[in-house]
Protein chains: 2
Amino acid sequence: MSKRTIIRLSKYKNALYRLKKMGFVKVFSDNLADAVGVTPAQVRKDFSMFGISGNKRGGYTVAELVEKLNKILGKDKVQDVIVVGTGHIGTAMMNYRGFEKENIRIVAGFDIDPAKYNADEKIPVLQLDKMRGYVKEHGIRVGIIAVPDIAAQQVLEIMVSAGIKGILNFAPINLKGEEDTVINNVNLGLELENIIYFINTDKKGVINEDTDA
Amino acid sequence: MSKRTIIRLSKYKNALYRLKKMGFVKVFSDNLADAVGVTPAQVRKDFSMFGISGNKRGGYTVAELVEKLNKILGKDKVQDVIVVGTGHIGTAMMNYRGFEKENIRIVAGFDIDPAKYNADEKIPVLQLDKMRGYVKEHGIRVGIIAVPDIAAQQVLEIMVSAGIKGILNFAPINLKGEEDTVINNVNLGLELENIIYFINTDKKGVINEDTDA
DNA sequence: ACCTTTTTGTGATTTTTTTCACATTTTTTA
DNA sequence: TAAAAAATGTGAAAAAAATCACAAAAAGGT
């Protein structure tokens with residue numbers, strides 16, 4: 001299943017949370033299309049791909065749809081995540097409030113700089129060389145890399161060798177991993193550059209994020 | 001020109017910076033392909049699209065290529081950028097070291113919380129209602145939104161009405177703008193969700209073409 | 001000078017993704 | 001009860017993106 005489809009499913013789900021909060025019980029493909037910036041046919045096609053179906057005239061039930069999407073997206077259970085590198089980006093990720101309600105829990109940070117260590121916080125910051133043990137002990141499968149580009153590939157390798165399967169990488173370098181590892185490279189400079197290119201030419205509109213392929 | 005092409009150009013440029021630093025003078029399409037994770041044909045096609053050409057056996061000259069790419073990407077002059085919302089993400093953006101060498105300069109932050117104000121820092125944090133004036137006075141064209149989702153659309157409108165043309169949005173909501181505005185929505189939760197989906201399915205080895213293909 | 005090797009540049013082809021369009025189902029209205 | 005209206009679900013078609021494959025150019029060797 002393509003990454004773009006999965007991104008859209010997540011977006012539908014996010015839009016549905018908002019609709020739910022606003023009191024909506026039913027939703028139509030064109031409401032979702034509008035919220036996410038795609039066509040109604042795309043929404044229905046995406047759903048059809050995962051066997052999600054609605055009612056021929058009543059659309060979809062919000063609560064049901066949210067539940068199905070969360071199931072597909074693996075968000076029916078809490079996912080524990082570690083952060084490596086506790087500079088500005090790493091710290092921002094550790095403190096990002098948006099994760100909690102998504103069943104994502106940042107459980108620890110790791111850094112090479114002893115000045116950063118603090119085992120007593122709610123989210124402890126630990127020594128980098130404790131990372132392997134921590135990952136194994138807690139069965140962590142997902143990690144965030146927020147170290148300088150020069151260190152990123154090495155950190156990746158430690159993480160993978162410890163058992164981590166999925167990585168969100170903020171270092172401005174395209175990390176490569178083994179077959180069974182999922183790496184999502186997010187390059188913030190690139191996202192801005194992109195905007196700068198488009199405002200300088202005259203092609204305007206909403207750019208949608210698909211950082212990697 | 002498609003967004004994906006532009007992203008790749010940026011990636012080539014970033015890879016070239018590294019190659020340059022390592023002392024390379026010439027580069028071939030397959031070096032770049034390898035660094036960025038695409039095929040050599042893709043690299044050449046992308047270049048051909050923008051009239052960039054190399055030498056039939058000598059590949060491309062790194063310095064020349066960097067210059068051409070920077071020209072295309074509008075990075076031949078410094079781009080001033082403001083940040084609205086100085087929470088964790090906004091602060092991280094204000095302090096992100098990666099921008100400087102990309103000719104991107106964060107010039108000011110804005111917040112609604114008076115406790116955040118500090119006009120004397122190198123990058124001042126100012127009152128939100130000073131934003132419009134600041135943008136007009138300094139001719140700012142690009143801004144970053146790092147406020148809670150609930151406030152994002154409103155902040156967007158103020159920014160656009162002040163003259164900002166390009167926006168990088170971190171609020172977890174798909175912002176919509178006018179025709180002549182470029183909006184790049186980056187949703188961090190989404191990027192993680194994505195990873196979670198793929199490590200869960202890859203492990204099970206399930207989910208594959210039954211409906212399609 | 002000629003042959004071999006390497007690498008570009010790009011038309012043709014294939015693959016992937018999106019959109020179209022409409023039969024089908026359900027709801028509402030009269 | 002029948003007709004009209006509103007949505008879905010999905011093959012077929014179109015569009016977009018990526019890859020192939022190969023002629024042509026440049027460099028190096030003998």
Side-chain angles (χ1 to χ4, degrees), chain A residues 1-12 16 19 24-62 64-65 68-69 72 174 194 198 203 205-213, chain B residues 1-12 15-16 19 24-62 64-65 68-69 72 174 194 198 207-213:
Chain A
M1 194 56 57
S2 94
K3 184 185 174 189
R4 310 180 114 224
T5 311
I6 301 306
I7 287 186
R8 284 195 301 267
L9 291 191
S10 279
K11 289 186 178 179
Y12 301 147
L16 285 165
L19 290 168
F24 285 86
V25 173
K26 296 279 189 183
V27 68
F28 303 118
S29 59
D30 73 328
N31 304 139
L32 285 172
D34 200 50
V36 163
V38 299
T39 62
Q42 178 87 78
V43 174
R44 298 198 300 275
K45 194 91 183 187
D46 287 341
F47 287 174
S48 135
M49 233 110 190
F50 286 92
I52 293 176
S53 60
N55 306 305
K56 274 275 157 70
R57 182 157 163 174
Y60 307 83
T61 308
V62 173
E64 246 177 56
L65 199 46
K68 281 179 186 163
L69 290 174
I72 290 167
N174 248 59
N194 211 230
F198 282 106
K203 181 86 174 151
V206 174
I207 304 173
N208 273 320
E209 86 287 328
D210 53 299
T211 15
D212 215 359
Chain B
M1 194 55 56
S2 94
K3 190 202 170 183
R4 310 180 113 222
T5 311
I6 301 305
I7 286 187
R8 284 195 303 268
L9 291 190
S10 279
K11 288 186 179 178
Y12 301 147
L16 285 165
L19 290 168
F24 285 86
V25 174
K26 296 280 189 182
V27 68
F28 303 119
S29 59
D30 74 327
N31 305 138
L32 284 172
D34 201 50
V36 164
V38 300
T39 62
Q42 177 88 77
V43 174
R44 299 199 298 274
K45 195 97 187 185
D46 286 340
F47 287 174
S48 135
M49 233 113 191
F50 286 93
I52 293 176
S53 60
N55 306 305
K56 276 273 156 77
R57 182 159 163 171
Y60 306 83
T61 308
V62 173
E64 243 176 58
L65 200 45
K68 280 178 185 163
L69 290 175
I72 290 166
N174 249 59
N194 209 231
F198 282 106
I207 307 227
N208 254 321
E209 58 272 318
D210 40 325
T211 20
D212 219 344

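No hydrogens, no waters, no symmetry mates; every other heavy atom, side chains included, goes into these values. Throughout, protein chains are lettered first and strands after them, A, B, ... in sequence-line order, and every chain is numbered starting at 1.
Residue B:G58 is classed as having no contact, given no heavy-atom separation below 4.0 Å to the nucleic acid. A:F47 comes within contact range of no nucleotide atom at all, as no heavy-atom separation falls under 4.0 Å. Among the heavy atoms of the strands, none lies under 4.0 Å from A:T5. Heavy atoms of B:S53 sit under 4.0 angstrom from primed sugar atoms or phosphate atoms, though from no base atom.
Counting to the nearest Å, the P atom of D:dA27 and the CG atom of B:N55 are 7 Å from each other. With rounding to whole Å, A:L65 atom CG is found 10 Å from D:dG9 atom P. Straight-line distance from the CD1 atom of A:I6 to the C1' atom of C:dT16: 15 Å, rounded to whole Å. Atom pair B:R8:CZ and D:dA16:C1' shows a separation of 12 Å (rounding to whole Å applied). Between B:R57 atom CZ and C:dG9 atom P the separation is 15 Å, expressed in whole Å. If you take CG of B:D46 and P of D:dT19, they are 10 Å apart, rounded to a whole angstrom. Atom P of nucleotide D:dT8 and atom CG of A:N31 are separated by 8 Å, given to the nearest angstrom. When rounded to the nearest whole Å, the span between NZ of A:K45 and C1' of C:dC22 equals 13 Å.
Remark: B:Q42 is not in phosphate contact with D:dA17, judged by side-chain N or O atoms under 4.0 Å from OP1 or OP2. Of the side-chain N and O atoms in B:S48, one or more sit less than 4.0 angstrom from OP1 or OP2 of C:dT10. Between A:R4 and C:dT18 there is a side-chain polar atom (N or O) within less than 4.0 angstrom of OP1 or OP2. Phosphate proximity of D:dA18 to B:T39: absent, as no side-chain N or O sits under 4.0 Å from OP1 or OP2. In this structure, A:R44 reaches the D:dT8 phosphate: one of its side-chain N or O atoms is under 4.0 Å from OP1 or OP2.
Taking every heavy atom of both residues into account, A:M1 and A:F50 meet most closely at CG-CZ, 3.3 Å. Scanning all heavy atoms of the two residues, the minimum distance from B:R44 to B:S29 falls at NH1-OG, 3.1 Å. In terms of heavy atoms, A:F28 sits closest to A:R57 at CE2-O, 3.7 Å.
Proximity note for B:K56 (side chain, C-beta onward) versus D:dT8, C:dT17, D:dA26: the nearest is D:dA26.
Proximity of a side-chain donor or acceptor of B:N174 to a complementary backbone N or O of A:V36 within less than 3.5 Å is detected.
Nearer to the 5' terminus of DNA chain C, by closest-nucleotide assignment, is the contact made by B:G54 (compared with the other of A:A41 and B:G54).
Checked by atom type, the side-chain pair B:Y60/B:N55 shows no donor-acceptor distance below 3.5 Å.
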